[in-house]
There are 2 protein chains.
Amino acid sequence: MNRTRTSIVDIARAAGVSKSTVSLVLQGSPLVNDKTREKVSGLIDELGYVYNRGAANLRQARSKIVGIVVNDLTNSFFAELAVGMDLVVQSAGYVQFLAHSGESVDRQRQVIASMRENGIAGLILSPARGTEANDIKSLADSGIPVVVVVRNLPGAKVSTLLSDNYAGAKAAIRHLIGLGHRRIAFMGGFVDTAVFSDRVRGYRDALVEAGIPLNDNFIIHSAPSRAGGVAAVERMMLFAERPTAALCLNDAVAFGVCDGLRSNNIEPGKGFGIIGFDDVIEAKTAVPALTTVSVDPQGMGQRAAQLLLKQINAGQIDQESIVTSVRLVVRQSCGAPVKQPEEMA
Amino acid sequence: MNRTRTSIVDIARAAGVSKSTVSLVLQGSPLVNDKTREKVSGLIDELGYVYNRGAANLRQARSKIVGIVVNDLTNSFFAELAVGMDLVVQSAGYVQFLAHSGESVDRQRQVIASMRENGIAGLILSPARGTEANDIKSLADSGIPVVVVVRNLPGAKVSTLLSDNYAGAKAAIRHLIGLGHRRIAFMGGFVDTAVFSDRVRGYRDALVEAGIPLNDNFIIHSAPSRAGGVAAVERMMLFAERPTAALCLNDAVAFGVCDGLRSNNIEPGKGFGIIGFDDVIEAKTAVPALTTVSVDPQGMGQRAAQLLLKQINAGQIDQESIVTSVRLVVRQSCGAPVKQPEEMA
DNA sequence: TGACTAATTTGGAACGTTCCAATTAAAGTT
DNA sequence: AACTTTAATTGGAACGTTCCAAATTAGTCA
């Protein structure tokens, strides 16, 4: 009910010591006598004192806040990524500004500026589509560590943490080929992201490696969402010669593809092989369980946060680029071996 | 590259005015002469000055930070809720600490303490299971507005924003009854949450209202997740006399129920009617599209944030309890009218 | 021009911490 | 007892802002 919160000097007065001593107690210094420490700590809970980290930051210039900006929280991949970051950030005694840019560069710029004003010690950014290196230049220039995750940001001289999209896509396609598929589509995504182009590159290279001719119609663009997957299938159904399997840009698209196939009375995993990308939690429990390239979003979030904290503590920032490896998790959605895919059109 | 960030006095010196004038310019005061304002603003971008909101807070005691604690970000319902909050918080010029408690009261306590030290102006809490009124008492006592959402927190004298779970469940069951169903299950959830008990109450009341005898076996507990839905179906399949439809605790469970039915070769929406709760974005595009009680999570997040901001600005907090109305969205998963449900066991 | 009002500008205290240099108290050592 | 170490404690400046009362400058009117 007090108008003004109780401060360090209030408890100093109450304990009959100086504010410096109280400060020492607060930071657990061994310099202070056990008896005074005890008395002070007692008063601290008794008076309901709460530490003012803002004031401390003002003096020390190093805050315990990290900023996290994610392009789409409603996509479970990014939600899990955020949860992974949250985990390590919190247990390191930091607290996070977490914002959602909704793929808007403007909004992203705004929140980064606002975070900066609030004195973040570092930033983890999963950039919105269309982000330029310039958007984080001034941040990086002022010595605040930045880690870019998931999507590449060419030209930015900051650390990045990406998954091995190329290898993952290649492994997925090889698996489908091994099952006997020859007409394989790539579904979902638009050309303007590195994630898309890397995965498509893996898709293409695996096909040529197996001597299968490329068919550009089989790369079916759509929104990288569940709804996008449904749309892609609609498009595919119009083809005279249809694919027998597809690698999807991500799990969300893959689930959409399952939905779309069902409305066309094709059973996913039996009449058509599907592989997703990311390995979101639902991938395991879905029916059919989704074969997918596991990126381990939560683990990736953890690694990103660890990388950032390392740089914050190190003081100087040496730019690091990590590509996390990825593995194909075979479940039901890619189906049993297909004997004569030529006859399935 | 400067060791120390440039401050208000740096640009004051450069512009040949006092720091007070610069401060005035910063807050857009009409007191300052246009010419000096112009000069000062010029120097501000030129020297790359960034406002230190922490220092300002120290002086003013009212920050532009709100805390948001959510029990499970990986559940799309809560992710969307968070996005809704983010939207209004950001456009009001605030920035948010967003944390994920993962249903752990300990962790929740920690992050709330940490947020408090960082000087949040208010808190929105979607409490972890097992949270007690006491956990936010000291916060509320110190005059910081708190809004509790989604889950009730009995005994806490703070504002709450809940959806009308009772009415929603009742409407859903009435609809199923109208389609001819008589043996209707309730799937998912555990007894310790108000959300669960309210929805079950609606379920029960609607059944007795229609003169249908209650069967407690038909309330099938499980984790409130997709995996939980699958598990609930497994349990149901063992019944001698099976339900013909189910209301699910939430959409995640409902999707799981669809999965579970499919692995038992029952087509969701045809052989078995399913109604979800929440209306997550995927509900619309799923196949079959999910009939569900729409809670509009994003809208709810927005309302919660607006409520909080109102209280922050008002200065004094008058406790408000809002129950947002809810509506049944009929799509495909509850199926066509069932003629003779007695013969479907 | 002088007096008065309106428009601008400005020192300095204050917010709650940390840190440094300096002081005081306690404990050993001859 | 006089000194040296070691242990504990302490003022006060500093961090970057806001706010107030007061000072300065410009403008207006007789």
Side-chain angles (χ1 to χ4, degrees), chain A residues 2-41 43-44 47-65 114 116-121 142, chain B residues 2-41 43-44 47-65 93 114 116-121 142-143:
Chain A
N2 324 22
R3 205 51 273 147
T4 166
R5 57 196 285 182
T6 93
S7 85
I8 217 180
V9 328
D10 294 320
I11 62 169
R13 190 160 28 233
V17 299
S18 80
K19 59 179 172 29
S20 304
T21 306
V22 179
S23 173
L24 257 10
V25 171
L26 249 19
Q27 38 203 139
S29 162
L31 259 42
V32 25
N33 184 302
D34 285 348
K35 254 170 61 181
T36 48
R37 182 200 317 285
E38 205 172 316
K39 176 161 51 168
V40 168
S41 315
L43 267 322
I44 283 180
L47 300 189
Y49 164 76
V50 343
Y51 184 73
N52 186 333
R53 213 165 276 279
N57 289 344
L58 183 54
R59 185 65 233 265
Q60 318 187 113
R62 57 195 135 88
S63 87
K64 288 285 209 175
I65 306 176
S114 161
R116 202 171 166 200
E117 292 186 350
N118 281 281
I120 52 174
S142 66
Chain B
N2 324 22
R3 204 52 271 146
T4 166
R5 55 198 284 180
T6 94
S7 85
I8 217 179
V9 327
D10 295 320
I11 61 169
R13 189 163 27 236
V17 299
S18 79
K19 61 182 171 26
S20 305
T21 305
V22 179
S23 172
L24 256 10
V25 171
L26 248 19
Q27 38 203 143
S29 162
L31 258 44
V32 25
N33 185 302
D34 286 347
K35 255 171 59 184
T36 49
R37 183 200 317 284
E38 205 172 316
K39 176 161 50 168
V40 169
S41 315
L43 268 323
I44 283 180
L47 301 189
Y49 165 77
V50 343
Y51 184 74
N52 185 333
R53 211 165 278 278
N57 289 344
L58 183 54
R59 183 65 231 266
Q60 315 185 120
R62 57 196 136 88
S63 86
K64 288 286 211 175
I65 307 177
S114 161
R116 205 174 163 197
E117 291 186 351
N118 281 282
I120 53 174
S142 66

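So that the names make sense, note that chain A is the first sequence line, chain B the second, and so on, each numbered from 1.
Contact of the A:Val17 side chain with the A:Val40 side chain is registered, since non-hydrogen atoms from C-beta on lie closer than 4.5 Å. A heavy-atom distance below 4.5 Å is not found between the side chains of A:Ser114 and B:Lys64. Contact check for A:Asn52 versus A:Ser7: no side-chain heavy atoms found under the 4.5 Å cut-off.
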Using the rule given for side chain to side chain contact (heavy atoms under 4.5 Å, CB included), can you reason through A:Ile8 versus A:Leu26, listing the C-alpha separation, both sets of side-chain angles and the distance that settles it, and then say yes or no? CA-CA 9 Å; A:Ile8 217 180; A:Leu26 249 19; 4.0 Å; yes
Between B:Asn118 and A:Ile65, is a side chain to side chain contact (heavy atoms under 4.5 Å, CB included) present by the stated rule, with each step listed? CA-CA 9 Å; B:Asn118 281 282; A:Ile65 306 176; 3.9 Å; yes
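Per the geometry, CG belonging to B:Asp34 stands 13 Å off P belonging to C:dA7, to the nearest Å. Separating the NZ atom of A:Lys35 from the P atom of C:dA26 is a distance of 10 Å, rounded to the nearest angstrom.
At C:dT8, none of the side-chain N or O atoms of B:Thr36 fall inside 4.0 Å of OP1 or OP2 (strictly under the cut-off). Put simply, B:Thr21 has a side-chain N or O that comes within less than 4.0 Å of OP1 or OP2 on C:dT10.
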Summarise how protein sits on nucleotides 14-22 of chain C as a single string, 5' to 3': B when a protein heavy atom is under 4.0 Å from the base, S for sugar-phosphate-only contact, - for no contact. BBBBBB---
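Shown here is A:Gln60, whose CD atom has more than 12 heavy atoms of other residues, nucleotides or ligands within 6.0 Å.
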